[in-house]
Amino acid sequence: MSNPDESPSAKRWLPLEANPDVMNQFLWGLGLPEDEAECCDVYGLEDELLAMVPQPVLAVLFLYPITSQTEEERLQQDNEKKDASNKVYFLKQTVGNACGTIGLLHSVGNITSEIKLQEGSFLDKFFKSTASMDPMERATFLENDREMEVAHSVAATAGETEASDNVDTHFICFTCVDGELYELDGRKSGPISHGASSPSSLLQDAAKVIKGMIQKNPESLNFNVIALSKKVAGAF
């Protein structure tokens, strides 16, 4: 999705497909070990369908359609003062259609204590290099990173649907940091807290917020939920 922080000459990437296989190849290729974590579909938000998602869930990605109402809410939220834990890893989105990549970076960036990235890999170097930066500096760092741009392009063309840079959907991430559920959206000015959460209830807590967002636009079918789950030794 195009972005309020883009400059007129800003880069635009092809969007990532909401496809766990595409996202897994993307993350595994950039330094998330295959035996550490993987993306998987969330087939519905009812309890019995959430129970099918491999646990523990480390982050939740949500794809939704941009509407005049969601834009109005975003502007309203940007005017409200937010106090987020300084442990939340957040970056702004300045590249058009980079929301899938930003969502995945938000997912991994907030669980680096839960997973072990490959030493010297792209993700390992990216998070170490940007650790002390502010959200806008991180955005600039990403925008100028040729390796990420190439990786994103490869992933964007690996999906089952033909990639087009004219999209009206957007990816955000939900993660639990310091006992709080945060919505991380690079088009917003900062993390949005949705109240108390825990690693064990992250999926259910995110599902409640997502249900509320879907109810505001019940006619649309352009919703998708993907979980990033930690792989557990001995599990199949």
Side-chain angles (χ1 to χ4, degrees), residues 1-5 15-20 23 39-85 88 90 92-93 97-104 106-107 110 159 161 164 166-177 179-229:
M1 176 67 201
S2 65
N3 189 340
D5 289 303
L16 276 192
E17 189 176 291
N19 178 328
M23 292 179 168
C39 293
C40 41
D41 277 313
V42 178
Y43 292 108
L45 300 172
E46 296 76 26
D47 288 343
E48 60 271 20
L49 293 174
L50 294 177
M52 293 168 62
V53 178
Q55 294 283 346
V57 170
L58 302 171
V60 178
L61 288 157
F62 178 47
L63 179 79
Y64 68 94
I66 298 283
T67 64
S68 56
Q69 186 181 4
T70 63
E71 286 299 272
E72 209 174 289
E73 283 182 9
R74 179 179 62 78
L75 294 171
Q76 189 181 331
Q77 285 175 329
D78 280 353
N79 291 327
E80 295 168 3
K81 189 176 181 325
K82 291 173 283 293
D83 292 315
S85 164
V88 178
F90 179 76
K92 294 283 288 172
Q93 180 187 338
N97 295 332
C99 57
T101 291
I102 302 277
L104 291 170
H106 277 148
S107 299
N110 285 290
T161 54
S164 160
N166 183 24
V167 293
D168 61 354
T169 51
H170 184 60
F171 271 110
I172 58 175
C173 166
F174 290 93
T175 189
C176 176
V177 179
E180 244 178 287
L181 177 69
Y182 285 101
E183 171 192 333
L184 305 176
D185 178 348
R187 298 177 79 241
K188 293 181 178 176
S189 58
I192 308 286
S193 171
H194 288 284
S197 186
S198 68
S200 60
S201 66
L202 166 60
L203 180 61
Q204 287 76 11
D205 297 335
K208 285 178 196 159
V209 179
I210 289 169
K211 277 181 186 173
M213 294 176 76
I214 291 174
Q215 280 166 5
K216 292 174 185 173
N217 190 5
E219 302 303 310
S220 177
L221 299 175
N222 289 339
F223 294 104
N224 211 310
V225 184
I226 291 171
L228 179 64
S229 296

Within a 6.0 Å radius of atom NZ on K211, are there more than 12 heavy atoms belonging to other residues, nucleotides or ligands? yes
For P54, does its backbone N or O pair with a side-chain atom of S229 as donor and acceptor, under 3.5 Å? yes
For the pair V209 and L181, evaluate side chain to side chain contact (heavy atoms under 4.5 Å, CB included) and give the outcome as yes or no after the intermediate values. CA-CA 10 Å; V209 179; L181 177 69; 3.9 Å; yes
Is the shortest side-chain heavy-atom distance between C40 and V53 below 4.5 Å? yes
Using the side-chain contact (heavy atoms from CB on, under 4.5 Å) criterion, which residues pair with E48? Sequence neighbours excluded. E46
Side-chain donor-acceptor pair under 3.5 Å between S197 and D205, yes or no? yes
Check whether any side-chain heavy atom of L61 sits under 4.5 Å from a side-chain heavy atom of L104, and report yes or no. yes
When you measure from the side chain of D41 to the backbone N and O of Y43, does any donor-acceptor pair fall under 3.5 Å? no
Angle between ring planes, F62 versus F223, binned at 30° and 60°: parallel, tilted or perpendicular? parallel
Distance, nearest 0.5 Å, that separates CZ of F174 from CD1 of I192: 10.0 Å
To the nearest 0.5 Å, how far apart are SG in C176 and CG in L203? 12.5 Å
What distance do Y64 atom OH and I214 atom CD1 have between them, rounded to the nearest 0.5 Å? 12.0 Å
Should the ring pair H106 and F90 be called parallel, tilted or perpendicular, given that the plane angle runs from 0 to 90° and is split at 30 and 60? parallel
To the nearest 0.5 Å, how far apart are CG in N224 and OG1 in T169? 9.5 Å
Looking only at heavy atoms, what is the nearest atom pair of A59 and L202, with distance? N-CD2, 3.7 Å
Residue pair M23, L228: steps toward the side chain to side chain contact (heavy atoms under 4.5 Å, CB included) verdict: CA-CA 10 Å; M23 292 179 168; L228 179 64; over 6 Å; no
For L63 and A18, which heavy atoms make the closest approach, and how far apart are they? CD2-CB, 3.9 Å
Which pair of non-hydrogen atoms, one from F171 and one from G100, has the smallest distance, and what is that distance? CD1-CA, 3.4 Å
Atom SG of C173 and atom CG of D185: how far apart are they, to the nearest 0.5 Å? 10.0 Å
Within the structure provided, determine whether V42 and V57 are in side-chain contact (heavy-atom separation under 4.5 Å). no
Main-chain N/O of S201 paired to S198 side chain as donor or acceptor, under 3.5 Å: yes
Shortest non-hydrogen contact from L184 toward P191: CD2-CB, 3.6 Å
Roughly how far, to the nearest 0.5 Å, is the OG1 atom of T175 from the OH atom of Y182? 10.5 Å
